[in-house]
Number of protein chains: 2
Amino acid sequence: MLQASADIDTCEALTERQKAVLDAALRLLVEEGDNLTMTAVARRASCSKETLYKWFGDRDGLLTATVQWQASKVRVAPVDGKGLGLASLTASLERFASDWLNVISSDTSIALNRVAVSHAGSGKDNLGAVVLENGRFALARRLKPVLEAGRQAGLLDFSDAETAFRSFFGLVARDVQIRLLLGDRLELTEATIGGDAARATQQFLALFGAKTGPQGL
Amino acid sequence: MLQASADIDTCEALTERQKAVLDAALRLLVEEGDNLTMTAVARRASCSKETLYKWFGDRDGLLTATVQWQASKVRVAPVDGKGLGLASLTASLERFASDWLNVISSDTSIALNRVAVSHAGSGKDNLGAVVLENGRFALARRLKPVLEAGRQAGLLDFSDAETAFRSFFGLVARDVQIRLLLGDRLELTEATIGGDAARATQQFLALFGAKTGPQGL
DNA sequence: GCCGAACCGTAACGTACGGTACGCTATCTG
DNA sequence: CAGATAGCGTACCGTACGTTACGGTTCGGC
């Protein structure tokens, strides 16, 4: 049986068939939410329940494996911050904001966050930790080098990268994620996401941009 | 049987005994999350299951009634924005921010949001609508008059109150709510909440404060 | 004091679903 | 080709829980 750990590298030990099963489970999770049954997963994946139990131990094991499997797929290449000008910094920030909005508004992200939130209350909050680790904390890890590079280049001014990141996070996400999780119909087209990303970036630069003399009006 | 509507005034038709039952259900919901049983509610409330079903129809009815009951209790008196100076505006904003952080970090809020998120996926998303209506949208309704008054007084500068509110919301909440919902241990003492409220307010004023000439550094 | 309504406590029912056992087929290994 | 192993399909078991039914008790009205 696979060990359910918070480590992402667990997914490297998966055979192709197992990945296919997890993909089926993921699709079912997106469609039906947390109330999916083992029989439904088995039927969708064209495998037997016994195999599910042999591979993943029990229902929670299957769920965590599915979440980890999806989480391992959204790894994004970090950007390098060399030769950083104001234009490239804003471009990087806008890109991060846009990527993040696209992620949290995707069906799979909503489904995964829903099931993780549901399970966070009862005992083993493994799911929540995994989602958080590959979502918000992964974003922080990828964005902080950019912020630090911006500070090194004299473009940004902050004392703590963590608080700067959290402000950026708040300006980008605002109430989007909680509204989507609570089932609010909130249309995010490609265009509005771009606009929101640009707005958040400008606001962030207005707050944390290094002051190069008195600001004009 | 009580009708389960999104209207808050449904709670006015509740007898004292029913309110006591819903309070018991609420406490149990905070303790055990969504996986509470009807027998547990009946035992805790010292009432019979038959009464629960007669009053609330079924399990979902009980849950929605509980959520509406709690939602109806957090009504807060709106502040009036007359004789508004910069000091009183910042005080109001800080107070809103502090109140909001206190709300979303409370056990009952976390529990209610958890159960609402869990139920948002499957069909009738009544719970999510109720939580959203009495949480984020109620806050907006109470805060927007303050923002408008600030604009009337020449202290704030924005084109749309909704977007201004959403930025304020993001600066205040940042990643707090999603982290709490996902089970992240995130200590919010009274002191840190006050500091966060002040920081968010200053950031908001830096973004939306009316520019009265060139800013000093 | 009697009647009906409301309600408590609990026993019972039905079912859905997690988990297991078993028979069968296909593929690999010697 | 014989045996072993992996895995599919399915039937089955146990249990938890939503839902209902029923006997006993309190209480307001006549």
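Side chains included, hydrogens not; waters and symmetry mates left out as well; all remaining heavy atoms used. Please read all numbers here as calculations on a predicted model, not as lab measurements. Convention: sequence-line order gives letters A, B, ...; per-chain numbering from 1.
- Residue contacts shown for B/Leu62 are absent, as no nucleic acid heavy atom lies under 4.0 Å away.
- What separates CG of B/Asn35 from P of C/dC17 is a distance of 16 Å, to the nearest Å.
- A heavy-atom distance below 4.5 Å is found between the side chains of A/Glu190 and A/Asn102.
- Taking atom CZ of residue A/Arg44 and atom C1' of nucleotide D/dG9, one finds them 18 Å apart after rounding to whole Å.
- Across all strands, B/Leu52 comes closer than 4.0 Å to no nucleic acid atom at all (heavy-atom distances).
- Whole-Å rounding puts the B/Lys54 NZ to C/dG9 P distance at 15 Å.
- We find that CZ of B/Arg43 is positioned 21 Å from P of C/dC7, with the value rounded to whole Å.
- Within a 6.0 Å radius of CG in B/Asn35, more than 12 heavy atoms belonging to other residues, nucleotides or ligands are found.
- By the 30° and 60° cut-offs, the orientation of the rings of A/Trp100 relative to A/Phe169 is tilted.
- Contacts of B/Arg151 classified as side chain to side chain contact (heavy atoms under 4.5 Å, CB included), with partners at least two apart in sequence or in another chain: B/Glu148, B/Phe158.
- Ranking D/dG18, C/dC8, D/dC8 by closeness to the A/Ser48 side chain, first place goes to D/dC8.
- In terms of phosphate contacts, B/Thr51 brings no side-chain nitrogen or oxygen within less than 4.0 Å of OP1 or OP2 of C/dC7.
- The phosphate of C/dA6 (OP1 or OP2) has no side-chain N or O of B/Trp55 nearer than 4.0 angstrom.
- A salt bridge links B/Arg174 to B/Asp196: at least one charged side-chain nitrogen sits closer than 4.0 Å to a carboxylate oxygen.
- Put simply, the side chain of A/Val21 reaches to within 4.5 Å of the side chain of A/Trp55, judged on heavy atoms.
- The nearest whole Å value for the distance from the CZ atom in A/Arg17 to the P atom in D/dT5 is 21 Å.
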Let me have a per-nucleotide readout for nucleotides 19-24 of chain C, 5' to 3', with B, S or -, counting only protein heavy atoms under 4.0 Å.
BBBB--
